[in-house]
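In the text below, chain A, chain B and the rest are named by the order of the sequence lines, each starting its count at 1.
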There are 2 protein chains.
Amino acid sequence: MPTTTTPSADRPGARVLDHPDVTAIRLEDVLHALADPMRLRIVRCLAAAQGELSCAGIELPVSKSTCTHHYRVLREHGVISQIYRGTAKMNVLRRADLDALFPGLLERVLEAAELQDGRLDD
Amino acid sequence: MPTTTTPSADRPGARVLDHPDVTAIRLEDVLHALADPMRLRIVRCLAAAQGELSCAGIELPVSKSTCTHHYRVLREHGVISQIYRGTAKMNVLRRADLDALFPGLLERVLEAAELQDGRLDD
DNA sequence: GTCAAATTACGACGTTCCTCGTACAATGAA
DNA sequence: TTCATTGTACGAGGAACGTCGTAATTTGAC
């Protein structure tokens with residue numbers, strides 16, 4: 001019988017992933033997670049999607065193993081949560097948790113990213 | 001005759017440091033700069049100081065060379081500006097520049113750091 | 001001119017990071 | 001069962017990072 005954790009898997013027997021408890025999320029880690037271009041891109045997509053997105057659902061100019069790596073960093077640092085759904089792995093932003101810990105921070109980062117985009121490609 | 005740059009040095013002949021132009025400051029770099037505990041500490045001190053502070057004015061549990069390193073990262077990534085004043089080197093947050101590029105971001109980070117502090121040492 | 005204070009330059013060391021390719025595992029559909 | 005899809009594990013390479021100590025530099029004061 002499988003161990004179940006927080007982001008309750010769809011169906012019993014499903015593979016389950018470790019997520020840091022809300023109280024274990026640290027600001028430095030979140031900033032570090034967001035500081036990478038690929039990861040920031042993922043976070044922006046998830047924010048725009050207003051829901052869950054599979055890993056394959058976000059196009060990135062890096063190999064699959066590298067994608068896996070970045071998603072894991074985001075999860076382990078408390079920025080996203082992931083659950084398996086069939087052969088896919090779905091990703092969601094931990095907006096509520098992040099907002100509770102660092103009010104407004106994520107929103108500002110997303111906004112800043114938008115602004116920078118507009119600024120850079122004129 | 002000396003080359004002068006943006007943060008005009010106190011007196012002619014003073015050593016001058018390179019600072020990125022406002023338009024060259026990138027979000028990922030700023031986040032990366034803030035993601036290090038020592039650097040976040042420096043930034044918080046500067047924010048609290050409401051003005052300039054010498055490098056020696058901020059106590060850090062690392063060697064002097066490491067301090068130099070961190071201040072340089074902050075400057076090169078556009079977070080602070082530095083000028084020499086006598087034998088000291090003064091540091092100031094580039095609040096206006098950062099706010100113009102990424103409205104509210106710095107404030108939220110500082111606030112988040114405060115909140116986390118309160119939360120961690122109960 | 002000498003001296004102390006503040007900071008840097010340089011080189012080094014070990015760690016973490018981002019990236020990849022290949023081989024493997026889990027799932028659902030035919 | 002077989003197969004295609006999706007993602008992982010593992011190992012590796014190279015770059016960047018955080019840290020240090022020592023020697024050198026700049027400056028202001030004596």
J.: I want to verify a distance call: between D:dT8, C:dA26, D:dG21, whose nearest atom is closest to the A:Arg15 side chain?
T.: C:dA26
J.: Compare side-chain N and O positions of A:Thr66 against OP1 and OP2 of C:dT19 and report whether any pair is under 4.0 Å apart.
T.: no
J.: Tell me, for nucleotides 9-17 of chain C in 5' to 3' order, what letter each nucleotide earns: B for a base near a protein heavy atom under 4.0 Å, S for only sugar-phosphate near one, - for neither?
T.: B-------S
J.: Using atom CG of B:Leu74 as one end and atom P of D:dG18 as the other, report the distance to the nearest whole Å.
T.: 10 Å
J.: Rounded to the nearest angstrom, tell me the gap between atom CD in A:Glu76 and atom C1' in D:dT8.
T.: 13 Å
J.: Checking A:Glu28 now: which residues fulfil side chain to side chain contact (heavy atoms under 4.5 Å, CB included) with it, not counting sequence neighbours?
T.: A:Arg26, B:Pro37, B:Leu40, B:Gln116
J.: Can you find a pair of side-chain heavy atoms, one from A:Val43 and one from A:Leu106, that are under 4.5 Å apart?
T.: yes
J.: Out of C:dC20, C:dT7, D:dC20, which has the shortest distance to the side chain of B:Ala56?
T.: C:dT7
J.: Are the side chains of A:His69 and A:Arg39 in contact, using a 4.5 Å heavy-atom criterion?
T.: yes
J.: Would you say the base of D:dT5 and the side-chain of A:Thr87 have a donor-acceptor pair closer than 3.5 Å?
T.: yes
J.: Do any N or O atoms from the side chain of A:Asn91 and from the backbone of A:Gln82 form a donor-acceptor pair under 3.5 angstrom?
T.: no
J.: Would you call B:Leu101 and A:Leu115 a side-chain contact if the rule is heavy atoms closer than 4.5 Å?
T.: no
J.: In this structure, how many angstroms lie between the P atom of D:dT8 and the CG atom of A:Asp18, rounded?
T.: 14 Å
J.: Answer whether the closest heavy-atom distance between the side chains of B:Leu27 and B:Leu105 falls below 4.5 Å.
T.: yes
J.: Measure the distance from NZ on B:Lys64 to P on D:dT19 and round it to the nearest whole Å.
T.: 17 Å
J.: Between atom OH in B:Tyr71 and atom C1' in D:dT19, what is the gap in whole Å?
T.: 16 Å
J.: In whole angstrom, what separates B:Met90's CE from C:dA6's C1'?
T.: 12 Å
J.: Nearest to the side chain of B:His70, heavy atoms from C-beta on, is which of C:dT7, D:dT19, D:dG7?
T.: D:dT19
J.: Expressed as a whole number of angstroms, how long is the span from A:Gln82:CD to C:dA26:P?
T.: 17 Å
J.: Grab the CG-P distance between B:Leu60 and C:dA6 for me, whole Å please.
T.: 15 Å
J.: Are B:Met38 and B:Pro61 side-chain neighbours, meaning at least one heavy-atom pair lies under 4.5 Å?
T.: yes
